[in-house]
**Student:** 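This is the structure, below, for whatever I ask next.
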Amino acid sequence: MTLAVTGGAGFIGSNFILYMREKYPDLRIISIDCLTYASNRFVIDKLSCDANFRFSKTDICDRNEIYRLFEEEKPDILVNFAAESHVDRSIDGSEQFLRTNVLGTGVLLDACLRYGIKRFHQISTDEVYGDLPLEGDDPPFTESSPLNPGNPYSASKAAADLLVLSYSRTHGLPITVSRSVNNYGPLQHGEKFIPTVINSVLRGKNIPVYGNGKNVRGWLYVRDHCAAVDLILKNGREGEIYNVGATDYLQNIELAELICDRMRASRDLITFVSDRPGHDRRYDIDCTRLKTDTGWSPETAFSAGIEKTIEYYK
Ligand SMILES: NC(=O)c1ccc[n+]([C@@H]2O[C@H](COP(=O)([O-])OP(=O)(O)OC[C@H]3O[C@@H](n4cnc5c(N)ncnc54)[C@H](O)[C@@H]3O)[C@@H](O)[C@H]2O)c1
């Protein structure tokens, strides 16, 4: 069995490869990544002597190279983590987001169609549903909630989801999609919120928090997301979308304060900065389908996960 992991040198892709290697020692794993600024070489170096691991420095938008790789490796399963993933950068310019997140996904779908695949799994985000008001009793988003992305990053992810679903309907491609809340844990790029808070504390620098800090995000330890994807590959229904839910929902300010307290740093480091344009207020998703179909439930409580994450950045 051969598993191709695109974006395998990014935060979640790296953790997913380590998870799958630990769980399935005989699985052949091909990591495909063009090594953007957001990538890291941790897994590439760690598995360099593993005969069942191959790293290919390839851009998923490069159709010829992707076809050549498929010809050589004939993957049974492809999990697509490759993406431009930082909302702030998508506000500065959307082109690279459209290129990788939409066109790149299209190239991978075409390759799967051409060479055959047992499963194409698209890694998506809860951000495709847009946000909820901060207050009120709006129900959480389910997989059939309308897509209503609030920024160019989430719009490009929503576009990719629709493309993936269309290949299922039009071509009968065996696909699944998962839409996860925010992940945290080792190997995340320093530009994201939790690494920014931890690194600021470690350096005694101000911790930037957007607006009034009341925006709410759901958090899931990255290994629990990896377990969800593994279970969807095994037990998920073809053509289906799965929300991957949080263990905790926190306001950004609560999260920054919690990390300060755990690291015994002064909360005075927290500095409010001008809000992100179009900043999503609150996310909340229902992941009953994932639990019912696959038996998934997260194992890492936020208190344990954040402790491991702080230790990692230290
Ligand atoms: N991090 C989160 O909290 C979160 C939550 C929900 C969903 N997601 C989704 O999970 C996936 C992975 O997120 P992440 O946080 O690990 O992102 P990341 O930015 O850490 O990693 C993305 C990886 O993709 C690679 N990549 C980018 N463009 C590429 C291209 N054209 N060809 C080949 N490789 C390319 C990068 O080099 C990088 O290694 C993304 O699709 C993201 O939308 C992330």
Side-chain angles (χ1 to χ4, degrees), residues 4-19 30-44 55-63 65-66 69 78-90 95-108 111 121-129 149 151-161 163-164 177-196 217-226 228-229 241-247 255 280 283 285 287 305 309:
V5 181
T6 56
F11 163 46
I12 311 177
S14 300
N15 279 284
F16 182 66
I17 291 174
L18 293 175
Y19 179 90
I30 316 298
S31 170
I32 302 168
D33 199 299
C34 69
L35 301 182
T36 69
Y37 77 95
S39 63
N40 69 80
R41 294 193 60 93
F42 182 78
V43 169
I44 302 169
F55 171 68
S56 170
K57 184 173 183 305
T58 302
D59 185 332
I60 59 164
C61 302
D62 186 337
R63 189 173 288 274
E65 278 303 300
I66 289 293
L69 253 180
L78 184 140
V79 182
N80 180 26
F81 290 94
E84 289 293 332
S85 67
H86 195 40
V87 173
D88 290 346
R89 288 177 187 263
S90 78
E95 189 174 344
Q96 195 55 37
F97 287 73
L98 296 174
R99 186 180 171 275
T100 291
N101 300 2
V102 186
L103 296 178
T105 300
V107 169
L108 297 173
H121 183 74
Q122 174 71 359
I123 301 292
S124 185
T125 164
D126 63 345
E127 298 189 31
V128 296
Y129 300 119
N151 58 65
Y153 159 68
S154 49
S156 69
K157 294 295 292 182
D161 283 14
L163 192 62
V164 172
V177 176
S178 56
R179 295 177 176 154
S180 169
V181 296
N182 280 10
N183 286 209
Y184 68 99
L187 295 170
Q188 189 166 30
H189 190 274
E191 70 186 356
K192 299 290 170 54
F193 187 58
I194 286 185
T196 299
R217 298 290 179 264
W219 292 98
L220 179 68
Y221 192 61
V222 62
R223 202 177 157 81
D224 281 319
H225 185 189
C226 298
V229 176
I241 301 168
Y242 289 95
N243 284 346
V244 184
T247 54
L255 180 53
D280 283 346
Y283 301 131
I285 56 170
C287 64
T309 308

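Start at 1 and go down the list; that is how both ligands and their atoms are numbered.
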**Student:** With distance as the sole test, does D59 use its side chain to make a donor-acceptor pair with the main-chain N or O of C61 at under 3.5 Å?
**Tutor:** yes
**Student:** Going by distance alone, is a donor N or O of one side chain under 3.5 Å from an acceptor N or O of the other, for E84 and Y153?
**Tutor:** no
**Student:** Just jot down the ligand 1 atoms closer than 4.0 angstrom to any heavy atom of Y153, in number order.
**Tutor:** 42 (C), 43 (O)
**Student:** Suppose we measure from atom 15 (O) of ligand 1 to each protein heavy atom; which comes out shortest, and what is that distance?
**Tutor:** F11 CD2, 3.6 Å
**Student:** Among protein heavy atoms, which sits nearest to atom 11 (C) of ligand 1, and what does the distance come to when rounded to 0.1 Å?
**Tutor:** F81 O, 3.3 Å
**Student:** At what distance is the nearest protein heavy atom to atom 37 (O) of ligand 1, and which residue and atom is it?
**Tutor:** D33 OD1, 2.6 Å
**Student:** Within the 4.0 Å heavy-atom shell around S85, which atoms of ligand 1 are there?
**Tutor:** 17 (O), 18 (P), 19 (O)
**Student:** Just jot down the ligand 1 atoms closer than 4.0 angstrom to any heavy atom of D59, in number order.
**Tutor:** 30 (C), 31 (N), 32 (N)
**Student:** Hey, what do you get for CG (D33) to OG (S39), rounding to the nearest 0.5 Å?
**Tutor:** 5.5 Å
**Student:** Which residue holds the protein heavy atom closest to atom 6 (C) of ligand 1, what is that atom called, and what is the gap in Å?
**Tutor:** S180 O, 3.4 Å
**Student:** Considering the heavy atoms of S39, write down every atom of ligand 1 situated less than 4.0 Å from one of them.
**Tutor:** 37 (O), 39 (O)
**Student:** Please work out, at 4.0 Å between heavy atoms, whether the side chain, the backbone, both, or neither of L35 comes within that distance of ligand 1.
**Tutor:** backbone
**Student:** Checking a contact table here: which protein heavy atom is nearest atom 3 (O) of ligand 1, and how many Å away?
**Tutor:** N183 N, 2.8 Å
**Student:** Does even one non-hydrogen atom of T58 get within less than 4.0 Å of ligand 1?
**Tutor:** yes
**Student:** Does K157 have a non-hydrogen atom less than 4.0 Å from ligand 1?
**Tutor:** yes
**Student:** State the CZ-CG distance between R223 and L18, to the nearest 0.5 angstrom.
**Tutor:** 8.5 Å
**Student:** Do D161 and S124 have side-chain N/O donor and acceptor atoms under 3.5 Å apart?
**Tutor:** yes
**Student:** State whether a side-chain donor-acceptor pair under 3.5 Å links Y283 with N182.
**Tutor:** no
**Student:** Closest by any non-hydrogen atom to atom 1 (N) of ligand 1: pick that one out of T36, I12, T100, T6.
**Tutor:** I12
**Student:** Touching ligand 1 at all, V181? Heavy atoms, strictly under 4.0 Å?
**Tutor:** yes
**Student:** As an exercise, state the distance from CG of L187 to CG of N15, rounded to the nearest 0.5 Å.
**Tutor:** 5.5 Å
**Student:** Roughly how far, to the nearest 0.5 Å, is CD1 of I32 from OG1 of T58?
**Tutor:** 6.5 Å
**Student:** Out of all atoms in ligand 1, which are within 4.0 Å of some heavy atom of A82? Include the element for each.
**Tutor:** 24 (O), 34 (N), 35 (C)
**Student:** Would you check if H121 and I123 make a side-chain contact, meaning some heavy-atom pair closer than 4.5 Å?
**Tutor:** yes
**Student:** Using a 4.0 Å cut-off to any heavy atom of A38, which atoms of ligand 1 qualify?
**Tutor:** 19 (O)
**Student:** Tell me which one of V128, V102, D126 satisfies side-chain contact (heavy atoms from CB on, under 4.5 Å) with K157.
**Tutor:** V128
**Student:** Below 4.0 Å from ligand 1: does a non-hydrogen atom of G104 turn up there or not?
**Tutor:** no
**Student:** Which label fits Y37 and H189: parallel for a plane angle under 30°, tilted from 30 to 60°, or perpendicular past 60°?
**Tutor:** perpendicular
**Student:** Going by distance only, is there an N or O of I60 that falls short of 3.5 Å from an N or O of ligand 1?
**Tutor:** yes
**Student:** Within this structure, what is the CG-OG distance for the pair N101 and S85, rounded to the nearest 0.5 Å?
**Tutor:** 8.5 Å
**Student:** Considering only non-hydrogen protein atoms, determine which one is nearest to atom 22 (C) of ligand 1 and report residue, atom name and distance to 0.1 Å.
**Tutor:** A83 O, 3.4 Å
**Student:** Could you pull out the closest heavy-atom pair between S31 and A9, with the gap in Å?
**Tutor:** OG-N, 4.2 Å
**Student:** Looking at atom 30 (C) of ligand 1, what's its closest protein heavy atom, distance included?
**Tutor:** C34 SG, 3.4 Å
**Student:** Quick check against the 3.5 Å criterion: does T196 have a side-chain atom that pairs as donor or acceptor with the backbone of G190?
**Tutor:** yes
**Student:** Is G10 close to ligand 1, meaning an N/O of one under 3.5 Å from an N/O of the other?
**Tutor:** yes
**Student:** Which atoms of ligand 1 sit under 4.0 Å from any heavy atom of S124?
**Tutor:** 6 (C), 7 (C)
**Student:** Ignoring hydrogens, just give me the one of T105, V229, N15, I123 whose non-hydrogen atom is nearest atom 9 (C) of ligand 1.
**Tutor:** I123
**Student:** Would you call N182 a ligand 1 contact, heavy-atom distance under 4.0 Å?
**Tutor:** yes
